[in-house]
Amino acid sequence: MTINNVMVIGAGQMGAGIAQVCAQSGFQTFLHDMNEAALNKGITSIERLLARSVEKERMTETEMKETRNRLKPAVSINDASKCDLVIEAVVENMAVKAKVFQQLDEITPEHTILASNTSSLPITEIASATNRPSQVIGMHFMNPVPVMKLVEIIRGLQTSEETYQAIREMTHQLQKTPVEVADFPGFVSNRILMPMINEAIFTLYEGVASPEDIDTVMKLGMNHPMGPLQLADFIGLDTCLYIMEVLHEGFGDSKYRPCPLLRKYVKAGWLGKKSGRGFYQYD
Ligand SMILES: NC(=O)c1ccc[n+]([C@@H]2O[C@H](COP(=O)([O-])OP(=O)(O)OC[C@H]3O[C@@H](n4cnc5c(N)ncnc54)[C@H](O)[C@@H]3O)[C@@H](O)[C@H]2O)c1
């Protein structure tokens, strides 16, 4: 199947990045968010990143203009009726995602593939909110999307081979590397990454070391490019908490229980970089 028109739903840090990469790769791209201010912020951040690419000579002025022309802010989700593929990147919450997929199932043409950028939620369950489970798939991009090469592709129980092949091909067109993983909580990436971040938060909670020192140990001692607490701030502490809850519930194993300090920060609205405060403070 040919994919020409794409809609990305959710113009937060992931959705904006996905929309940018789709538009850059030649797809007509609609970006939708239920919150108009978030939509405008997403478009502005894409424009800023494109301009920076021109400054750094990674892109020509003409390529920037063509990319911008392919990118269309969509105030209404109904523009999904024009799309061959919709990639959902709203909050990591099953009830919210299920509602979006139900709506998309009604709005989009029969052939449209519905993908989720979920970090951890079961694709099979998201698919069951629709009447087209064979055309629902996980497409898990990494943050920041324009930079990171990996996309985990997750087949739900009923995802068809045709859907899988179309998404695999599209991922290559985005200049990314697809890796197929099974539909298990956290897939591969977050099953390994999130317990490490959660353990770093427990280490802080128990007073073993300061945030800076925990991050320094992992950067200088393990050669990680970024410490786990800074990475958690960049991912968003609400997203980290949702993922730990999915792992905890999905495996029923207490080793995945979210650290109480993580819960406390999220309750306080300290969501990391996007809210200006997490384990560190941001301007
Ligand atoms: N942050 C990461 O590093 C990361 C990495 C990979 C995947 N993800 C996944 O991507 C998804 C989005 O994460 P994010 O970090 O971009 O979140 P975010 O909080 O930055 O953005 C979410 C956006 O979705 C919008 N939204 C919420 N409900 C909506 C609805 N019903 N319809 C339309 N828009 C809606 C919000 O207004 C917000 O702008 C989550 O599923 C997350 O698990 C995140």
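Whatever order the structure lists them in is the order used to number ligands and atoms, beginning at 1.
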Charged N-O contact under 4.0 Å between D238 and K274: yes
Go through the steps to decide whether R68 and E63 satisfy the test salt bridge (charged side-chain N to carboxylate O under 4.0 Å, His left out), and finish with yes or no. CA-CA 9 Å; R68 183 59 190 89; E63 283 167 341; over 6 Å; no
What protein heavy atom sits nearest atom 34 (N) of ligand 1, and how far away is it? M34 N, 3.3 Å
Of the side chain and backbone of N117, name the one, both, or neither that has a heavy atom under 4.0 Å from an atom of ligand 1. both
Can a non-hydrogen atom of G236 be found less than 4.0 Å from any atom of ligand 1? no
Record the part of F234 in heavy-atom contact with ligand 1 below 4.0 Å; permitted values are side chain, backbone, both and neither. neither
Provide, to 0.1 Å, the distance between atom 17 (O) of ligand 1 and the closest protein heavy atom, together with that atom's residue and name. K274 NZ, 4.1 Å
Please list, in number order, the atoms of ligand 1 under 4.0 Å from a heavy atom of H140. 6 (C), 7 (C)
Is the closest N or O pair between T118 and ligand 1 shorter than 3.5 Å? no
Atoms of ligand 1 close to I235 [distance to a heavy atom under 4.0 angstrom, numbered from 1]: 1 (N), 2 (C), 3 (O)
The single option from K72, K82, R70 that satisfies side-chain hydrogen bond (donor to acceptor under 3.5 Å, both in side chains) with Q28 is K72
Below a 4.0 angstrom heavy-atom separation, can you tell me which part of S119, side chain or backbone, both or neither, approaches ligand 1? both
Report yes or no: does D84 contribute a side-chain atom to a donor-acceptor pair with the main-chain N or O of N5 at less than 3.5 Å? yes
among protein heavy atoms, the one nearest atom 6 (C) of ligand 1 is F141 O, 3.1 Å
For ligand 1, which part of K99 has a heavy atom less than 4.0 Å away: the side chain, the backbone, both, or neither? neither
Look at atom 22 (C) of ligand 1 and say which protein heavy atom is nearest, naming residue and atom and giving the distance to 0.1 Å. A89 O, 3.9 Å
Working for side-chain contact (heavy atoms from CB on, under 4.5 Å), residues Q13 and N143: CA-CA 8 Å; Q13 50 184 346; N143 189 16; 3.5 Å; yes
At under 4.0 Å between heavy atoms, what of V100 touches ligand 1? The answer is side chain
Report the C-alpha separation of L174 and F27 in whole Å, then their side-chain angles, then the decisive distance to 0.1 Å, and conclude whether the side-chain contact (heavy atoms from CB on, under 4.5 Å) test is met. CA-CA 9 Å; L174 299 177; F27 296 96; 3.8 Å; yes
So for ligand 1, is N143 a polar contact partner (N or O within less than 3.5 Å, distance only)? yes
Should L85 and I87 be marked as a side-chain contact (heavy atoms from CB on, under 4.5 Å) after you check the CA-CA gap, both sets of side-chain angles, and the distance that decides it? CA-CA 7 Å; L85 167 67; I87 306 174; 4.0 Å; yes
Check the hydrophobic clustering (I, L, V, M, F, W, Y; side-chain heavy atoms under 4.5 Å; chains of links allowed) and say if V21 and M59 are grouped together. yes
For I9, the ligand 1 atoms whose distance to one of its heavy atoms is below 4.0 Å: 33 (C)
Ligand 1 atoms nearer than 4.0 angstrom to some heavy atom of A38 are 39 (O)
Honestly, for M142 the part within reach of ligand 1 (heavy atoms, under 4.0 Å) is neither
Could you give me the CA-CA distance, side-chain angles and deciding distance for I154 and I137, then say whether side-chain contact (heavy atoms from CB on, under 4.5 Å) is met? CA-CA 6 Å; I154 307 104; I137 194 160; 5.9 Å; no
E88 N/O to ligand 1 N/O under 3.5 Å: no
Spatial distance of atom CG (L31) from atom CD1 (I18) [nearest 0.5 Å]: 9.5 Å
With heavy-atom distances below 4.0 Å as the criterion, list the atoms of ligand 1 near E92. 40 (C), 41 (O), 42 (C), 43 (O)
Taking distance alone, with N or O pairs closer than 3.5 Å, would you say T239 contacts ligand 1? no
Between R263 and E245, does any side-chain N to carboxylate O distance fall below 4.0 Å? yes
Atoms of ligand 1 under 4.0 Å from any heavy atom of K97, numbered from 1 in the order shown, are 40 (C), 41 (O)
Once you restrict to heavy atoms under 4.0 Å, what part of D238 touches ligand 1? Side chain, backbone, both or neither. neither
Got a salt bridge between E92 and K97, using NZ or NE/NH1/NH2 to carboxylate O under 4.0 Å? yes
Distance to 0.1 Å, residue and atom name: give those for the protein heavy atom nearest to atom 20 (O) of ligand 1. Q13 N, 3.2 Å
Identify, for atom 38 (C) of ligand 1, the protein heavy atom at the shortest distance, and state residue, atom and that distance. D33 OD2, 3.4 Å
Any donor-acceptor pair under 3.5 Å linking the side chain of T159 with the backbone of S134? no
Counting only nitrogen or oxygen atoms and a 3.5 angstrom limit, does V90 reach ligand 1? yes
Mark yes when over 12 heavy atoms from residues, nucleotides or ligands other than E206 sit less than 6.0 Å from its CD; otherwise mark no. yes
State the atoms of ligand 1, each with its element, that fall below the 4.0 Å cut-off from a heavy-atom position in G12. 16 (O), 20 (O), 21 (O), 23 (C), 39 (O)
Among all protein non-hydrogen atoms, which one is nearest to atom 44 (C) of ligand 1, and what is the separation to 0.1 Å? M14 CG, 3.3 Å
Go through the steps to decide whether D105 and R132 satisfy the test salt bridge (charged side-chain N to carboxylate O under 4.0 Å, His left out), and finish with yes or no. CA-CA 7 Å; D105 196 28; R132 62 177 89 188; 2.7 Å; yes
Would you mind running through ligand 1 and noting each atom that sits below 4.0 Å from a heavy atom of G10? 24 (O)
Could you check T118, L157, I153 and say which one makes a side-chain contact (heavy atoms from CB on, under 4.5 Å) with I123? T118
